Amino acid sequence: MFDVIVFYILKALLAVCRRLGPVAASDLGALLARAIGPWLPISRVGDRNRRLIMPHLSRRERRRIIGDVWDNLGRTIGELPHLGSLDMSDTGPGFVVDGASHLQSGPAIYASAHFGNWEALPAICARYGAVFSSFYRAANNRQVDALILRL
């Protein structure tokens with residue numbers, strides 16, 4: 001039942017984001033994720049891991065990093081409905097592409113990590129006419145995963 005509730009909340013959020021422009025949708029996603037994310041159990045896992053790999057950080061610094069992670073994830077979600085139409089600029093949610101000539105240089109393997117909007121790589125490659133295929137770890141919630149794939 002929880003998975004169904006999460007699916008409908010995400011579906012409603014994406015519908016709102018679709019009606020907003022990309023900047024407002026990105027900001028809304030960040031605001032909501034920063035407000036809710038740190039309270040989720042997964043944030044405690046992140047804090048524990050951060051303590052293990054960066055023991056010199058204070059609790060405040062770890063909390064700031066976790067908040068930034070949630071901000072990034074919220075922005076990524078808010079921008080999902082707009083990925084196909086984002087500008088190639090750095091004036092807001094958009095793409096900044098360094099080395100675009102490499103996208104047209106022939107077969108290659110591109111690696112993307114969860115920095116910025118990692119979902120942008122397929123849209124960027126499509127804009128440059130590069131054939132692209134990707135793999136990922138499916139979301140635990142099947143309905144959410146299907147929604148992400150449709151986007």
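We're numbering straight along the sequence, starting at 1. Computed over heavy atoms, backbone and side chain alike; hydrogens, waters and symmetry mates excluded. No experiment lies behind these values; they were computed from the predicted model shown.
- Cluster membership for Val144 and Ile77, using ILVMFWY side-chain heavy atoms within less than 4.5 angstrom, is shared.
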Using distance only, find each side-chain donor-acceptor pair of residues 11-21 under 3.5 Å and give its atom names and separation, not counting sequence neighbours.
none

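- Hydrophobic cluster membership differs between Tyr136 and Val69, with clusters built from Ile, Leu, Val, Met, Phe, Trp and Tyr side chains linked at under 4.5 angstrom.
- Between the side chain of Asp3 and the backbone N or O of Asn141 there is no donor-acceptor pair closer than 3.5 Å.
- Residues in residues 33-47 take part in these side-chain hydrogen bond (donor to acceptor under 3.5 Å, both in side chains) pairs, two or more places apart or across chains: Arg34-Asp68, Arg34-Asp71, Ser43-Trp70, Asp47-Arg51, Asp47-Arg62.
- To the nearest 0.5 angstrom, Leu31 atom CG is 9.5 Å from Arg75 atom CZ.
- Arg50 pairs by the side-chain hydrogen bond (donor to acceptor under 3.5 Å, both in side chains) definition with nothing, not counting sequence neighbours.
- Under a 3.5 Å cut-off, the side chain of Ser26 and the backbone N or O of Val23 do not form any donor-acceptor pair.
- Residues Gln143 and Val6 are not in side-chain contact: their nearest non-hydrogen atoms beyond the backbone lie 4.5 Å or more apart.
- Summarising the geometry, atom CG belonging to Asp145 is positioned 9.0 Å from atom CZ belonging to Arg137; distances are rounded to the nearest 0.5 Å.
- The side chain to side chain contact (heavy atoms under 4.5 Å, CB included) search around Asn49 returns Val45, Leu52, not counting sequence neighbours.
- Scanning both residues, Ala25 and Gly78, for their nearest heavy atoms gives CB-O, 3.3 Å.
- Ile148 approaches Ala139 most closely through the heavy-atom pair CD1-CB, 4.4 Å.
- Grouping the Ile, Leu, Val, Met, Phe, Trp and Tyr side chains by contacts below 4.5 angstrom, directly or via other members, places Ile42 with Leu73.
- Legend: residues meeting side-chain hydrogen bond (donor to acceptor under 3.5 Å, both in side chains) with Glu61, ordered by chain and number and at least two apart, are Ser58.
- In this structure, Tyr8 has no side-chain hydrogen bond (donor to acceptor under 3.5 Å, both in side chains) partners at least two apart in sequence or on a different chain.
- In this structure, the separation between CD on Glu79 and CG on Asp27 is 9.0 Å, given to the nearest 0.5 Å.
- Both Phe2 and Leu40 sit in one connected hydrophobic cluster of ILVMFWY residues. Membership requires side-chain heavy atoms under 4.5 Å apart, directly or through other members.
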